[in-house]
Asks: 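To start, I am sharing the structure in question, which I have written as structure tokens.
So you know, we letter chains A, B, ... as the sequences are listed, proteins then strands, and number each from 1.
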Number of protein chains: 2
Amino acid sequence: MTEGTGAEMTTGFDEPVTEPTSDDDVYALDRKTVAAILYAVDVDDRDKLIELMEPLHAADIADLLEQINAYDRARLIRLYDKEFDGDILSELDEAVREEVINVLRPDVLADAVRDMESDDVVDLLEDLEEPQKEAILDVLEDSERVAAEQALSYPENSAGRLMQREVVMAPEHWMVGQAIDFMRANDDLPEQFYHVVLVDPRLKPVAQVTLGKLMATRRDVPLHDIAEEEFHTIPVDQDEEDVAYAFNQYHLISAPVVDGDGRLVGVITIDDAMVVLDEEYEEDMLRLAGVSDESSLSDSVAATSKRRLPWLAVNLCTSICASLVISQFEAAIDQLVALAILMPIVASMGGNAGTQSLTVAVRALATRDLTGSNVARVIRRELLVGVLNGLCFAIVLGTVGMMWFDSPMLGVVIGSALVVNMVIAGFAGTVVPVVLDRLGVDPALASGTFVTTTTDVMGFFIFLGLASVILL
Amino acid sequence: MTEGTGAEMTTGFDEPVTEPTSDDDVYALDRKTVAAILYAVDVDDRDKLIELMEPLHAADIADLLEQINAYDRARLIRLYDKEFDGDILSELDEAVREEVINVLRPDVLADAVRDMESDDVVDLLEDLEEPQKEAILDVLEDSERVAAEQALSYPENSAGRLMQREVVMAPEHWMVGQAIDFMRANDDLPEQFYHVVLVDPRLKPVAQVTLGKLMATRRDVPLHDIAEEEFHTIPVDQDEEDVAYAFNQYHLISAPVVDGDGRLVGVITIDDAMVVLDEEYEEDMLRLAGVSDESSLSDSVAATSKRRLPWLAVNLCTSICASLVISQFEAAIDQLVALAILMPIVASMGGNAGTQSLTVAVRALATRDLTGSNVARVIRRELLVGVLNGLCFAIVLGTVGMMWFDSPMLGVVIGSALVVNMVIAGFAGTVVPVVLDRLGVDPALASGTFVTTTTDVMGFFIFLGLASVILL
């Protein structure tokens with residue numbers, strides 16, 4: 001066994017490998033495999049199906065099930081039958097999962113659920129409707145059922161839902177040798193763990209030791225001497241978003257979870273945090289676009305349509321407001337049709353500039369880079385950027401307006417309106433998300449509407465207003 | 001030492017903890033601390049500054065430095081002086097990092113860099129300009145310098161840049177006891193590792209053993225018998241985005257990296273993958289909003305302004321196109337000002353519906369849920385959603401148009417235009433990102449412009465066109 005530092009390890013070759021870079025879809029299911037699997041289902045060839053599915057990871061099988069239509073999905077699951085395991089269930093999207101659970105034979109479902117890790121069962125249960133939930137709880141052994149119900153009693157999206165309840169812990173006064181002997185004697189260690197948590201007699205975690213350190217240290221060294229310098233515990237009721245932030249910010253691998261009295265109740269590992277981070281991002285991204293964050297590609301037409309309606313309805317109202325503003329200037333437009341032709345440009349530029357500021361602010365709030373200490377400076381920066389970019393484009397657009405309609409004053413009017421609207425965009429794009437965040441509303445959810453409404457309404461108002469005063 | 005399953009561990013309490021949920025900014029730097037630190041800098045009180053900074057994690061100190069202005073930053077760093085360590089440097093944003101490196105005294109910088117892990121040094125070096133890069137390479141010991149230069153010879157954003165070169169490996173025929181003895185004898189184990197990689201005589205990785213399993217197993221068991229069932233290796237030239245995808249999809253904790261001949265050259269751990277995932281998301285989110293993905297909150301006004309210009313320029317061109325379309329219907333607007341008042345609604349609704357479809361598609365492409373096998377079904381779904389939502393809002397908007405301007409036919413015209421534009425939005429919102437992806441262009445980068453241009457232009461054209469034919 002050798003443990004190489006960089007220099008030793010790479011003696012074998014002097015240049016970097018120059019193989020062709022792997023293509024983009026290196027990990028995606030290829031079309032051929034999907035087609036072969038669907039063909040096996042078509043001809044009812046169970047052996048072939050099992051052979052084709054065998055090399056696939058549960059996550060890939062779940063993706064496959066999400067990508068095919070409901071009819072093929074049901075036929076595939078029935079043919080696959082007893083081969084269907086719990087890991088596939090954990091990996092499935094919520095919408096498809098409920099459907100799959102209804103298609104699975106009860107005994108296959110029971111076997112699948114019994115195979116799952118405790119935190120995966122909780123994750124499965126929390127998304128299900130009552131009758132399906134009961135059906136699955138009934139399948140579990142008593143101790144597992146109690147554990148699952150207890151986990152479900154923690155608030156939704158809290159550390160308590162996310163944690164594994166299986167923890168490897170040791171009294172703080174133990175030696176390395178004692179810990180290793182204990183682990184050798186224990187048949188029931190968790191599948192994956194990265195630390196031994198040191199606890200005091202009241203079960204309060206006081207430190208943790210990485211397995212690598214434990215392994216590399218002589219048997220007679222106290223565990224306390226090799227504990228990690230940095231040590232974070234997570235309150236069981238902490239929001240999972242904060243948990244994910246802590247893992248990301250402090251590069252944690254696993255962290256003990258404590259109850260209100262500071263006693264150890266579980267452990268959260270980085271892979272769970274990564275899943276939360278992934279979900280939070282998806283949520284922010286979809287919310288910014290006005291899509292319900294529970295959307296998935298496997299939703300039905302009706303579900304998709306329903307999920308997108310609310311924000312479109314809000315947008316209809318706000319764009320009617322903008323039209324009301326325009327209608328105040330009916331007489332001006334009647335006199336000068338050029339105003340109707342040019343006004344969308346002012347609104348659109350403002351909307352885009354506002355969206356830029358807004359997205360940067362939403363992201364900075366999520367990563368906690370935008371705080372009370374720098375918000376004033378950020379707003380000042382956005383205003384200045386609005387002035388600068390506004391002036392740039394005012395010159396271009398002013399010239400265009402001037403030449404197109406042969407009216408220098410029209411150029412001046414549209415240029416000035418653009419500068420003002422872009423400054424407003426920078427201001428609204430930063431202030432709106434910050435204020436929503438302070439009010440406890442997710443800025444990703446509602447900022448977009450507020451900001452684009454502001455830039456539309458103000459864009460039309462300033463341009464048409466200035467035009468009425470100066471040109472007519 | 002006890003290892004509890006859920007049921008044992010929670011005997012102490014029957015109900016979930018009902019403490020108040022922790023507030024949103026539980027991990028953010030609080031304003032008071034920031035103010036106290038800046039005061040210590042103001043009064044030049046080095047002891048106080050060190051005392052205040054002592055409890056802060058390097059990541060939080062980096063955030064603090066990013067949040068204050070350049071003048072305070074320089075004063076703080078000079079006062080903090082020798083206390084400044086390499087971890088802070090690794091955590092800093094690129095823009096601020098260069099500035100900080102220039103402010104640090106050469107010997108403080110040298111000490112800081114020598115403290116850093118090999119992959120952090122690479123991460124630091126790859127973002128720096130040539131003179132700064134040289135200055136830092138000069139500070140390193142010869143072997144570290146060679147290792148860093150070798151890492152930098154791998155393509156940017158490849159697994160080779162991401163990996164640690166320190167790997168713990170063992171010949172495949174070893175027993176558990178041999179592996180543990182080897183590790184005890186080795187002073188130079190990596191800070192963090194989670195697996196022992198089993199290699200054949202040619203240094204090709206064949207399997208890996210988790211430390212937990214190693215620790216829990218008797219000394220005379222062959223390592224091969226306790227190897228993990230699933231085993232992934234990562235090609236050294238693989239794109240880091242694919243690496244992050246594999247970690248996320250297959251729940252990897254660490255994976256060996258191999259060169260073109262399949263030999264072990266390093267290892268990537270989940271925390272590195274999490275950083276990449278974080279960056280990829282930020283990139284997608286900012287790109288969707290037309291902001292350069294290298295933006296940061298600590299950029300200067302000029303840099304920010306410059307980074308936002310390109311997409312605004314594109315938007316100016318596309319909105320001028322839309323205005324050209326409107327100008328074709330000058331006569332119609334001249335006859336009926338209501339058209340000018342209502343036309344932004346059709347365009348805006350289309351733009352929003354298009355953005356919804358687009359965001360879902362961009363996200364699904366990133367998670368590889370949208371593939372050749374389901375693209376036709378997804379497009380069909382988006383078209384149907386467009387029809388359904390279009391009809392809903394057509395009824396509302398048609399009624400509004402009818403009543404507002406007292407013209408039933410105007411209601412019919414705007415309602416019909418809305419349905420058609422929302423179907424176009426659904427189609428463009430899905431097809432544009434898919435086509436860009438196939439062409440090898442990041443769909444997050446360019447889709448937005450294409451889609452909203454389409455919905456603007458088509459929205460104006462259909463509404464004004466229909467109105468000209470039917471109403472005038």
Side-chain angles (χ1 to χ4, degrees), chain A residues 1 3 6-7 16-17 19 22 26 28 31 34 59 67 143 147 153-154 165 168 170 182-183 189 193 211-212 215-216 238 242 249 251 259-260 271 281 289 291 297 301 304-305 308 315 319 323 326-327 330 333-334 337 340-341 345 348 352 355-356 359 364 368-369 372-374 384-385 388, chain B residues 1 3 6-7 16-17 19 22 26 28 31 34 59 67 143 147 153-154 165 168 170 182-183 189 193 211-212 215-216 238 242 249 251 259-260 271 281 289 291 297 301 304-305 308 315 319 323 326-327 330 333-334 337 340-341 345 348 352 355-356 359 364 368-369 372-374 384-385 388:
Chain A
M1 171 149 170
E3 189 270 316
V17 188
E19 285 221 324
S22 38
V26 63
R31 266 182 110 150
V34 176
Q67 283 170 25
S143 69
S153 69
Y154 290 114
R165 301 160 71 84
V168 182
F182 170 81
M183 281 190 265
L189 291 175
F193 66 106
L211 295 187
M215 191 99 56
Q238 185 167 72
D242 292 325
Q249 173 87 342
H251 312 293
D259 67 14
D271 49 323
Y281 273 117
V291 183
L297 215 58
V301 171
T304 307
S305 158
R308 298 202 190 153
N315 186 64
S319 51
S323 292
I326 301 174
S327 71
E330 216 176 313
I333 294 172
D334 224 3
V337 185
I341 294 172
I345 302 179
S348 161
N352 278 297
T355 305
Q356 290 181 333
T359 307
R368 300 171 209 204
D369 288 330
S373 2
N374 62 346
L384 288 172
V385 169
L388 221 62
Chain B
M1 171 154 173
E3 186 272 316
V17 188
E19 286 221 321
S22 38
V26 61
R31 267 181 109 147
V34 177
Q67 283 169 25
S143 69
S153 69
Y154 290 113
R165 302 161 70 85
V168 182
F182 171 83
M183 281 189 266
L189 291 176
F193 66 106
L211 295 186
M215 190 99 55
Q238 185 165 73
D242 292 324
Q249 173 86 344
H251 311 294
D259 66 14
D271 50 322
Y281 274 117
V291 183
L297 215 59
V301 171
T304 307
S305 160
R308 298 202 189 153
N315 186 63
S319 52
S323 292
I326 301 174
S327 71
E330 218 176 310
I333 295 171
D334 224 3
V337 184
I341 295 173
I345 302 179
S348 161
N352 278 298
T355 305
Q356 290 181 333
T359 307
R368 297 169 213 207
D369 289 330
S373 2
N374 64 346
L384 288 172
V385 169
L388 220 64

Asks: So which of Ile326(B), Asp271(B), Leu384(B) has the biggest tally of heavy-atom pairs under 4.5 Å with chain A?
Replies: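 Most heavy-atom pairs under 4.5 Å with chain A: Ile326(B).
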
Asks: Check each atom of Val301(A) against the heavy atoms of chain B and say whether the ones under 4.5 Å are side chain, backbone, both or neither.
Replies: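 For Val301(A), heavy atoms of backbone and side chain both lie under 4.5 Å from chain B.
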
Asks: Among Ser373(A), Ala364(A), Ser323(A), Ser348(A), which has the most heavy-atom pairs under 4.5 Å with chain B?
Replies: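 Greatest number of close heavy-atom pairs with chain B: Ser323(A).
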
Asks: Give me the atom names and distance for the closest heavy-atom approach of Gln67(A) to Arg368(B).
Replies: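 Gln67(A) and Arg368(B) have their closest heavy atoms at NE2-O, 3.5 Å.
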
Asks: Side chain, backbone, both or neither: which part of Val34(B) has an atom under 4.5 Å from a heavy atom of chain A?
Replies: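 Side chain only.
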
Asks: Test of understanding: with side-chain contact (heavy atoms from CB on, under 4.5 Å), list the residues that count as partners of Leu211(A), not counting sequence neighbours.
Replies: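 Counting only residues at least two positions away or on another chain, Leu211(A) forms a side-chain contact (heavy atoms from CB on, under 4.5 Å) with Phe193(A), Val196(A), Leu214(A), Leu211(B), Met215(B).
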
Asks: Return the option, out of Asp334(B), Asp369(B), Thr355(B), with the maximum number of heavy-atom pairs under 4.5 Å with chain A.
Replies: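 The candidate making the most pairs under 4.5 Å is Asp369(B).
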
Asks: Could you check which of Thr359(B), Leu388(B), Ile333(B) has the highest count of heavy-atom pairs closer than 4.5 Å to chain A?
Replies: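 When all of Thr359(B), Leu388(B), Ile333(B) are compared, Thr359(B) has the most.
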
Asks: Using the test side-chain hydrogen bond (donor to acceptor under 3.5 Å, both in side chains), find all partners of Ser327(B) that sit at least two apart in sequence or belong to another chain.
Replies: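 By the side-chain hydrogen bond (donor to acceptor under 3.5 Å, both in side chains) rule, Ser327(B) matches no residue at all.
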
Asks: Which one of Ser319(B), Ala59(B), Ala289(B), Ser305(B) has the most heavy-atom pairs closer than 4.5 Å to chain A?
Replies: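 Top option by heavy-atom pairs under 4.5 Å: Ser305(B).
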
